[in-house]
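The chains referred to below are lettered A, B, ... by the order of the sequence lines, with proteins before strands, and numbering in each begins at 1.
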Amino acid sequence: MCRDLAGTDSVEMEFNGDTDRAAFLSRLLSEFPKLSDIMPQVGLAVNNEYAVGEFTLKDGDEIGLIPPVSGG
Amino acid sequence: MLVISDKKIKEQDLIKAVENPAAGAIATFNGVVRNNANGKEVVRMEYEAHKEMAGIILEKLAVETKAKYSILDIAIHHRTGMLEIGESSVMIAVSSAHRKAAFEACRYAIDRLKETLPVWKKEYFKDGSAWVEGTAVKTNTT
């Protein structure tokens, strides 16, 4: 779903200094405004681990956008 | 055996993977593609995974299930790609000394898989397709 809305399945971003959840989301939505409607339901994963609360991104970190899942 | 792949699921492989001379019970769950959803006829189903993360989540699920139930082993294969009606999308096999733990662990594993695995399915109807409305990931069981 995110891929359809963003038009790509991965993108590299550069941030200055420490980036927390809010800063990441704000940057993501400014580059991909079409994700705005769905983002409240989308979970985040940092380096393949679900990131439920706060986080600080480091150089090389990989963020996954995880919409509500429907496996099984 | 914890697998995410587009290969056809083989029940015998999963059962073999959990076989153990100390096991008195092997329970399996077979998730199959159904021909209807919410009153609409479904003609096929497509599954997509965040492959790298799904493998990691399956490992966590196996650890979590083994910690909660006294089982000997667990095997899971979730299939991705386009599936026809009647094909297996996911299979779980669990072995334990006694049947109670095998049944309970098997049920727990599929319930948790459906809450945590980064996999998404798309239903295909005669006249179009739609992503299934999913569940927000539940990382904790409490």
Hydrophobic clustering (ILVMFWY, side-chain heavy atoms < 4.5 Å, transitive) - are [Y] and [X] grouped together?
{"X": "B/Ile15", "Y": "B/Tyr69", "answer": "no"}
{"X": "A/Phe55", "Y": "A/Met13", "answer": "yes"}
{"X": "B/Leu117", "Y": "B/Leu14", "answer": "no"}
{"X": "B/Ile4", "Y": "B/Ile57", "answer": "yes"}

- Go through B/His50 and A/Asn48 one step at a time and tell me if the side-chain contact (heavy atoms from CB on, under 4.5 Å) criterion holds. CA-CA 9 Å; B/His50 181 319; A/Asn48 294 322; 3.5 Å; yes

- Item | Euclidean distance, A/Tyr50 OH relative to B/Thr116 OG1, rounded to 0.5 Å |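 It is 6.0 Å, given to the nearest 0.5 Å.
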
- Rounded to the nearest 0.5 Å, what's the gap from OG1 on B/Thr135 to CD on A/Gln41? Could you check? 12.5 Å

Tell me whether [X] at atom [atom1] has more than 12 heavy atoms from other residues, nucleotides or ligands lying less than 6.0 Å away.
{"X": "B/Asp127", "atom1": "CG", "result": "yes"}
{"X": "A/Glu54", "atom1": "CD", "result": "yes"}
{"X": "A/Arg27", "atom1": "CZ", "result": "yes"}

Tell me, side chain or backbone of [X] under 4.5 Å from chain A's heavy atoms, or both, or neither?
{"X": "B/Val119", "result": "both"}
{"X": "B/Ile92", "result": "neither"}
{"X": "B/Lys60", "result": "side chain"}

- Task: Say whether, by atom type as modelled, one donor and one acceptor occur between the side chain of B/Tyr47 and the main chain of A/Ser70 under 3.5 angstrom.
- Result: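 No; zero donor-acceptor contacts below 3.5 Å.
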
- Item | Over all atoms of both residues, closest heavy-atom pair of B/Trp120 and A/Val69 | NE1-CA, 3.7 Å

- Item | Top contributor to chain A interface from B/Ala54, B/Gly134, B/Gly55 [non-hydrogen pairs under 4.5 Å] |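 Winner by heavy-atom pair count: B/Gly134.
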
